[in-house]
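Just so we're clear, the structure is a prediction, and the values are computed from it rather than from any experiment.
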Amino acid sequence: MDQEALGSIVLLAIITLLSVVQNAFFAYKLEHESKHCNGKGLQRQGSSSFERVYTANQNCGYTYPTFLAVLWCAGLLCSQAPAAFAGLMYLFVRQKYFVGYLGERTQSIPGYLFGKRIILFLFLMSVAGILNYYLIFFFGSDFEIHIRTITSAISPLLLIP
């Protein structure tokens, strides 16, 4: 693969692989809780602690395809570094959500709300990249530098709770 092409996706690939490791951790926690509660293999019925782990795992799994889609679209169509930073933040938030869900469900709400904000940011980056493509295509105006500057400036604001 071309070094330049690889350089334009390497951060996105790292975030994707980290998310795979995180999913494996969630699956391990689910399996461990199932064996701990049931004494057998993976069972869908169990104690309330198993139900919390199961539900947290399912909720994280439901949003995972959306996260991957907007991460890659934002990184490829707009700017890789801010998209990768937002993706890394999303992984931390998803971990907070998962661990918070294992306690009281109200502990997971900040992670859930923060995760929605990051997904929205990645979505808006994707839309900006698409709009820039069509501006170039139809009008010959390229706003890529401006969009990259704005997304690079806004991405640290994701750290504000």
Legend entry - Where I147 and C78 come nearest, the two heavy atoms and their spacing: CG2-SG, 3.1 Å

Legend entry - Non-neighbouring partners of N132 that pass side chain to side chain donor-acceptor pair (under 3.5 Å), sequence neighbours left out: D142

Inset, instruction - Enter the distance from I109:CD1 to Y101:OH here, rounded to the nearest 0.5 Å. - result: 10.0 Å

Inset, instruction - Please lay out, stage by stage, how K96 and F114 fare under the test side chain to side chain contact (heavy atoms under 4.5 Å, CB included). - result: CA-CA 10 Å; K96 181 176 176 53; F114 201 37; over 6 Å; no

Inset, instruction - Treat each ILVMFWY residue as a node, draw an edge where side-chain heavy atoms are under 4.5 Å apart, and state whether F138 and I130 are in one component. - result: yes

Could you pull out all donor-acceptor pairs under 3.5 Å where a side-chain atom in residues 122-129 meets a protein atom, sequence neighbours excluded?
| from | atom 1 | to | atom 2 | distance (Å) |
| --- | --- | --- | --- | --- |
| S126 | OG | A74 | N | 3.1 |
| S126 | OG | L122 | O | 3.0 |

Legend entry - Residue pair G115 / V93: nearest heavy atoms and the distance that separates them: N-CG1, 3.4 Å

Inset, instruction - Any chance you could measure I14, atom CD1, to L88, atom CG, to the nearest 0.5 Å? - result: 10.0 Å

Legend entry - Set of residues satisfying side chain to side chain contact (heavy atoms under 4.5 Å, CB included) with respect to I119, sequence neighbours excluded: T66, F67, V70, Y90

Legend entry - Exercise: identify the closest heavy-atom pair between A84 and L11: CB-CB, 3.7 Å

Legend entry - Q80 side chain vs G7 backbone, donor-acceptor pair below 3.5 Å: yes

Inset, instruction - For S19, enumerate each residue passing the side chain to side chain donor-acceptor pair (under 3.5 Å) test, keeping only those at least two apart in sequence or located in another chain. - result: Y64

Legend entry - By side chain to side chain contact (heavy atoms under 4.5 Å, CB included) - contacts of Y62 (at least two apart): Q58, N59

Legend entry - I136 with I145, same ILVMFWY side-chain cluster at under 4.5 Å: no

Legend entry - Between CD1 on residue I15 and CD1 on residue I9, distance to nearest 0.5 Å: 13.5 Å

Inset, instruction - Measure the spacing between CD1 of I118 and CG of L113 and express it to the nearest 0.5 Å. - result: 11.5 Å

Legend entry - V99-L91 co-clustered via ILVMFWY side chain contacts under 4.5 Å: no

Inset, instruction - Tell me, please, which residues at least two apart from Y112 pass side chain to side chain contact (heavy atoms under 4.5 Å, CB included). - result: Y97, K116

Legend entry - Side-chain heavy-atom pair F121, I154 within 4.5 angstrom cut-off: yes

Legend entry - Counterpart residues, side chain to side chain contact (heavy atoms under 4.5 Å, CB included), relative to F85 (two or more places apart): M89, S155, L159

Legend entry - Counterpart residues, side chain to side chain donor-acceptor pair (under 3.5 Å), relative to Q22 (two or more places apart): R94, Q95

Inset, instruction - Please round to the nearest 0.5 Å and tell me the distance separating atom OH of Y133 and atom CG of L77. - result: 10.5 Å

Inset, instruction - For A27 and N57, work out which heavy atoms get closest and say how close. - result: N-OD1, 4.3 Å

Inset, instruction - With sequence neighbours excluded, give me every side-chain hydrogen bond (donor to acceptor under 3.5 Å, both in side chains) pair touching residues 68-78. - result: T16-W72

Inset, instruction - Please assess V53 against F98 for the test side chain to side chain contact (heavy atoms under 4.5 Å, CB included), listing each intermediate value before the final yes or no. - result: CA-CA 8 Å; V53 172; F98 189 85; 4.2 Å; yes

